[in-house]
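Indexing begins at 1, ligand by ligand and atom by atom, following the structure's order. Bear in mind the structure is a predicted one, so any value in this text is a computation, not a measurement.
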Amino acid sequence: MATPLIQFLNQLAAQQGTYQYRLPSRPDAGQFIDQLMRLLFPVTQDCQSATANVGETYQRLNNQLLCLLRPLQPNLSTLPEAVALRFFDALPAIHADLLLDARAIADNDPAAISLEEVIAVYPGFYAIAVYRIAHVLLQIDVPLLPRMLTEYAHGHTGIDIHPGAQIGPSFFIDHGTGVVIGETTIIGENVRVYQGVTLGATHVAKTLAQRKRHPTIEDNVIIYANATILGGHTVVGHDSVIGGNVWLTESVEPYSLVYHQSKIEVKPILQ
Ligand SMILES: CC(=O)OC[C@H](N)C(=O)O
């Protein structure tokens, strides 16, 4: 006779058919993204690398993507094969965008030694790369997988970029831990953000889904550490600088310098 535990586990197994979505596994999603990154940017080398030619690697990645898409098939508008074809067609454009991001980091961070270092090491670059890949999948109407990919990168970097955000070229996230970029954020060209920056919503309510809840950041803006910029109507005008720890829920004109005026006091400790 089945024990209560086995009965419970049987009930769980029976529920499988009642879920609206079937998802690929997180390890499969992670493996796909990391192998794709190695194909796009072959700057690192495994100690025990199995040498595969480019054609074989592409075939393997194509199969991996099809494997990720198959559980989602009832929720896809076309066949997984057609989705994969469209995704791989977009790869040269994704690569070109990512080179611009890497170049922006290498050119603007005095701590960066080379483009290769940025590509191999920088969490900001990795998070942007996964975001750009996920954003393309979202544009071809793939549900859920884009979010799985950006959350995989979030787990590795502490940088949370929603795949629905719109981010222009030459985007630079330095250090990155704690950065949050919400779903309806729009970011122009050549924007730089530091750790802890939140581009978020002023109100969080389910009724606001599909509405613009997150800010617009125009070209050439720099946002320093831990600044919080909230609201769908909030626009940071181009060429502005937002100082560390600023809390901003209103738009600012182009060329604004926004910072806290209050000074901290430093006194000697009486001994
Ligand atoms: C980044 C952020 O504001 O998140 C809050 C909520 N998840 C939303 O998307 O509105």
Side-chain angles (χ1 to χ4, degrees), residues 19-21 23 26 29 33 72 75 101 122-169 171-189 191-219 221-238 240-252 256 258 260:
Y19 286 114
Q20 189 188 351
Y21 291 96
L23 295 172
R26 284 204 266 196
I33 211 74
L72 295 164
N75 305 96
D101 297 320
Y122 272 59
F125 177 72
Y126 181 78
I128 295 163
V130 176
Y131 152 78
R132 294 211 187 277
I133 291 162
H135 185 69
V136 166
L137 286 169
L138 194 70
Q139 283 176 318
I140 42 185
D141 293 329
V142 176
L144 295 160
L145 179 62
R147 194 79 196 276
M148 285 186 90
L149 298 179
T150 54
E151 286 302 331
Y152 176 76
H154 183 189
H156 280 270
T157 62
I159 300 169
D160 176 0
I161 312 179
H162 194 287
Q166 295 170 44
I167 303 181
F171 184 46
F172 173 10
I173 300 173
D174 203 2
H175 307 292
T177 314
V179 165
V180 177
I181 300 177
E183 181 185 11
T184 63
T185 305
I186 299 176
I187 296 178
E189 284 184 32
V191 168
R192 199 192 317 170
V193 309
Y194 286 82
Q195 69 274 15
V197 164
T198 297
L199 305 178
T202 39
H203 302 97
V204 181
K206 197 69 190 167
T207 49
L208 298 175
Q210 320 294 339
R211 300 248 297 269
K212 180 142 172 34
R213 312 182 296 284
H214 310 98
T216 297
I217 311 296
E218 293 185 346
D219 299 347
V221 168
I222 302 174
I223 309 172
Y224 283 109
N226 297 317
T228 298
I229 304 174
L230 305 178
H233 298 295
T234 304
V235 178
V236 176
H238 62 83
S240 292
V241 176
I242 310 297
N245 294 317
V246 161
W247 178 273
L248 187 66
T249 56
E250 286 167 18
S251 297
V252 296
S256 296
V258 185
H260 286 287

Is it the side chain (CB and beyond), the backbone, both or neither of H162 that lies under 4.0 Å from ligand 1, heavy atoms counted? neither
Logged contact type for V180 with ligand 1, heavy-atom cut-off 4.0 Å, is side chain
What residue and atom, counting heavy atoms only, is the protein's closest point to atom 3 (O) of ligand 1, and at what distance? A201 N, 2.8 Å
Between Y224 and Y194, what is the ring plane arrangement, given parallel below 30°, perpendicular above 60°, and tilted in between? parallel
Measuring only between side-chain heavy atoms, which start at C-beta, is L23 closer than 4.5 Å to L72? yes
State, yes or no, whether a side-chain contact exists between I186 and K212 at a heavy-atom distance under 4.5 Å. yes
Atom indices of ligand 1 within 4.0 angstrom of G182 heavy atoms, with elements: 1 (C)
Is there a side-chain contact between R192 and I222 in this structure, where contact means two heavy atoms from C-beta onward sitting under 4.5 Å apart? yes
Would you kindly specify which portion of E183 sits under 4.0 Å from ligand 1, judged on non-hydrogen atoms: side chain, backbone, both or neither? neither
Checking a contact table here: which protein heavy atom is nearest atom 2 (C) of ligand 1, and how many Å away? H214 NE2, 3.6 Å
Approximate separation, where rounding is to 0.5 Å, of E151 CD and I161 CD1: 11.0 Å
What protein heavy atom sits nearest atom 7 (N) of ligand 1, and how far away is it? V204 CG1, 5.0 Å
Is the closest protein non-hydrogen atom to atom 9 (O) of ligand 1 under 4.0 Å? yes
Specify the closest pair of heavy atoms between T234 and E250, including all atoms of both residues, with the distance to one decimal. CG2-O, 3.5 Å
